[in-house]
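Just so it is clear, the structure is predicted and the values come from calculations on it, not from any experiment.
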Amino acid sequence: MALSYLQTFPFNITQPAIDVFFGSKQDNGQIAGITWWQTANGYTAIALHDAWSNRSTNTGQLDELVSKVQNGTEDCINDYNDDSMWWAMGLLELYEVTQDVQHLTVVEAIWSHVVPYMISPGQIIINSVDMAGGVLWTDLSNETQVNSITTGLFSELSARLSTQTEDAYARNLLLEYAILSMDWIYRCRYVADDFLVLDHIDIQTGETFDANYTYNTGQAIAASIAIYDAVGKNDTAGSSSSSAVMQMYLDQACLMAMYSMNRTNWVDRDGTLTERDAYPRLGGDPLSAWQDDDAVGFKAILLRNLVKLYKILKRDGIDVGLQDEIVEFVQQQFWSLQDRDTNGHGQYGPWWAGPMDVVTSHSQLAALDVMAAIHAVM
């Protein structure tokens with residue numbers, strides 16, 4: 001094998017997948033065939049690809065597209081708090097690559113928009129359980145759903161923003177919000193003996209909805225390690241109380257990760273992440289793959305956040321037996337895509353275990369996190 005190939009692998013595989021996705025860009029900065037939040041996640045994966053491959057190949061195009069989006073929708077905010085925060089996450093990753101303060105300014109505007117929809121302590125009690133820290137799904141006056149995705153996004157966003165400010169009061173407040181929201185998930189939506197995060201609660205009826213999608217747990221992993229990281233950066237003296245908090249969140253993230261990679265209704269016997277219940281092959285009809293469905297990208301969020309955990313463990317020299325497992329898991333997804341879910345032209349289908357069936361913007365979107373992840377574990 002030529003040395004030049006080794007020097008560019010896997011970039012010569014991953015970049016074409018990004019180019020295919022960009023091929024569906026529209027004049028408004030969005031991607032044809034997918035929804036608002038899906039576009040944000042595609043751009044997030046591309047920003048992470050540049051960060052994790054130590055290149056800036058795509059940042060110029062991302063900047064241009066994001067600028068067009070912002071021209072049409074001020075600060076990338078819509079009525080869905082989770083949608084707005086998916087854009088915040090993408091812009092935060094883009095800021096990490098470019099250090100363009102304008103991206104961080106928009107992220108802060110999104111956080112300020114969402115924070116009024118976080119439930120305050122004592123505001124809502126359901127079955128004797130305080131809903132404090134939960135974040136409403138939308139900004140609509142009649143909204144009754146508080147869910148783990150919206151809350152997990154707010155927790156991660158708050159924790160990460162706390163590391164971006166020099167103001168001690170703001171830093172502590174952001175970290176307090178992050179912990180309060182993550183504690184709502186652990187208190188209200190966490191299956192402790194299965195290390196699994198469930199979906200949402202209706203605060204009007206008290207009814208619980210217990211779907212266990214991959215991205216619910218994946219986002220809880222991201223929020224937990226963001227708190228771990230923020231607490232450590234906030235307490236440079238290394239107090240015992242801070243160390244205990246950090247250890248608790250890291251331990252839970254590691255347990256969620258370990259079980260996620262071995263959950264039989266998410267992962268096939270060969271180790272390929274499929275989440276078949278969330279995005280089934282309807283009636284075995286390949287044409288069903290044309291239908292856009294948010295669930296095709298859920299598994300990508302889990303994979304993305306497993307890598308975030310891996311990078312924290314590697315950075316801090318923490319050996320809990322997970323680093324190698326995450327590396328192998330990411331590699332399995334990458335090679336499954338190459339062997340069973342591509343036509344060889346940078347295009348990918350929705351089922352990572354194959355067959356490829358058809359190429360759509362939403363199937364391509366899901367593959368982009370794999371394209372980013374492989375660079376992080378090389």
Side-chain angles (χ1 to χ4, degrees), residues 18 21-22 24-51 58-118 135-140 143 147 149-162 164-165 174 177-178 181 215 219 222-223 226 292 294 297-298 300-301 304-305 361-362 365-366 368-369 372:
I18 293 171
F21 188 73
F22 277 148
S24 297
K25 65 184 178 183
Q26 301 179 102
D27 290 341
N28 61 4
Q30 298 181 48
I31 298 295
I34 56 177
T35 60
W36 178 251
W37 87 279
Q38 290 174 313
T39 297
N41 265 295
Y43 293 169
T44 302
I46 295 169
L48 287 171
H49 175 275
D50 277 18
N58 302 290
T59 52
Q61 192 161 187
L62 284 175
D63 277 332
E64 179 184 347
L65 291 168
V66 166
S67 177
K68 290 180 178 180
V69 170
Q70 291 172 359
N71 286 338
T73 306
E74 185 177 358
D75 293 330
C76 301
I77 293 171
N78 70 0
D79 286 335
Y80 290 85
N81 289 325
D82 56 341
D83 285 6
S84 300
M85 287 189 290
W86 287 120
W87 278 98
M89 288 300 171
L91 290 166
L92 194 55
E93 302 301 352
L94 191 53
Y95 168 74
E96 295 287 355
V97 175
T98 65
Q99 292 298 296
D100 183 345
V101 71
Q102 175 58 30
H103 295 318
L104 188 59
T105 299
V106 176
V107 172
E108 291 169 346
I110 293 171
W111 184 90
S112 295
H113 173 80
V114 175
V115 69
Y117 303 98
M118 185 193 74
V135 181
L136 295 174
W137 185 28
T138 74
D139 62 9
L140 303 177
E143 183 58 64
N147 64 32
I149 276 295
T150 309
T151 304
L153 283 165
F154 182 75
S155 179
E156 182 187 5
L157 185 59
S158 299
R160 292 180 66 180
L161 280 176
S162 76
Q164 299 293 338
T165 179
L174 285 161
Y177 281 145
S181 286
Y215 79 152
Q219 187 52 45
D292 186 21
D294 284 350
F298 289 174
I301 305 300
R304 174 191 303 171
N305 294 324
S361 290
H362 63 276
L365 157 76
L368 293 184
D369 273 294

Drop me the distance from [X]'s [atom1] to [Y]'s [atom2], to the nearest 0.5 angstrom.
{"X": "Gln38", "Y": "Asp292", "atom1": "CD", "atom2": "CG", "result": "4.0 Å"}
{"X": "Asn58", "Y": "Phe21", "atom1": "CG", "atom2": "CZ", "result": "11.5 Å"}
{"X": "Ile18", "Y": "Ile46", "atom1": "CD1", "atom2": "CD1", "result": "5.5 Å"}
{"X": "Leu62", "Y": "His103", "atom1": "CG", "atom2": "NE2", "result": "8.5 Å"}
{"X": "Asp63", "Y": "Leu91", "atom1": "CG", "atom2": "CG", "result": "9.5 Å"}

Is there a side-chain contact between [X] and [Y] in this structure, where contact means two heavy atoms from C-beta onward sitting under 4.5 Å apart?
{"X": "Trp87", "Y": "Thr39", "value": "yes"}
{"X": "Glu96", "Y": "Gln164", "value": "yes"}
{"X": "Leu368", "Y": "His49", "value": "no"}

Without placing hydrogens or testing angles, list every side-chain donor-acceptor pair under 3.5 Å for residues 25-34, not counting sequence neighbours.
residue: Lys25; atom: NZ; partner: Gln61; partner atom: OE1; Å: 2.8
residue: Asn28; atom: OD1; partner: Gln30; partner atom: N; Å: 3.0

Quiz item: Among Thr151, Asn147, Ile149, whose side-chain contact (heavy atoms from CB on, under 4.5 Å) with Trp137 holds?
Solution: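 Going through the options one by one, the only one that passes is Asn147.
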
Measure across [X] and [Y] and return the closest heavy-atom pair with its distance rounded to 0.1 Å.
{"X": "Thr138", "Y": "Tyr117", "result": "O-CD2, 4.0 Å"}
{"X": "Ala300", "Y": "Ala366", "result": "CB-O, 3.6 Å"}
{"X": "Ala178", "Y": "Ser155", "result": "O-OG, 2.8 Å"}
{"X": "Gly152", "Y": "Gln219", "result": "O-NE2, 3.3 Å"}
{"X": "Ala88", "Y": "Val107", "result": "O-CG2, 3.4 Å"}
{"X": "Ser84", "Y": "Ile77", "result": "OG-CA, 3.5 Å"}

Quiz item: Checking ring pair (Phe, Tyr, Trp, His ring centres under 6.0 Å) for the pair Trp36/Trp86: CA distance, chi angles, key distance, verdict?
Solution: CA-CA 9 Å; Trp36 178 251; Trp86 287 120; over 10 Å; no

So does [Y] get a backbone contact from the side chain of [X], meaning a donor-acceptor N/O pair under 3.5 Å?
{"X": "Arg304", "Y": "Asn41", "result": "yes"}
{"X": "Glu74", "Y": "Gln70", "result": "no"}
{"X": "Ser162", "Y": "Ala159", "result": "yes"}
{"X": "Asp50", "Y": "Thr59", "result": "yes"}
{"X": "Thr105", "Y": "Val101", "result": "yes"}

Quiz item: Do Glu143 and Asn81 get their side chains close enough for a donor-acceptor pair, meaning under 3.5 Å?
Solution: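 Their side chains do not contain a donor-acceptor pair, so the 3.5 Å distance test is not met.
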
Quiz item: Do Trp37 and Asp294 have side-chain N/O donor and acceptor atoms under 3.5 Å apart?
Solution: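 Side chains of Trp37 and Asp294: pair found under 3.5 Å.
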
Quiz prompt | All ring-ring contact (aromatic ring centres under 6.0 Å, His included) counterparts of Trp111, not counting sequence neighbours | solution =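 Partners of Trp111 under the ring-ring contact (aromatic ring centres under 6.0 Å, His included) test: Phe154, Tyr177.
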
Exercise. Mind checking side-chain hydrogen bond (donor to acceptor under 3.5 Å, both in side chains) for Asp139 and listing every partner two or more places apart, or none if nothing turns up?
Key: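 With neighbours one apart ignored, the set is His113.
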
Exercise. Show your working on side chain to side chain contact (heavy atoms under 4.5 Å, CB included) between Phe22 and Leu65 and close with a plain yes or no.
Key: CA-CA 10 Å; Phe22 277 148; Leu65 291 168; 3.6 Å; yes

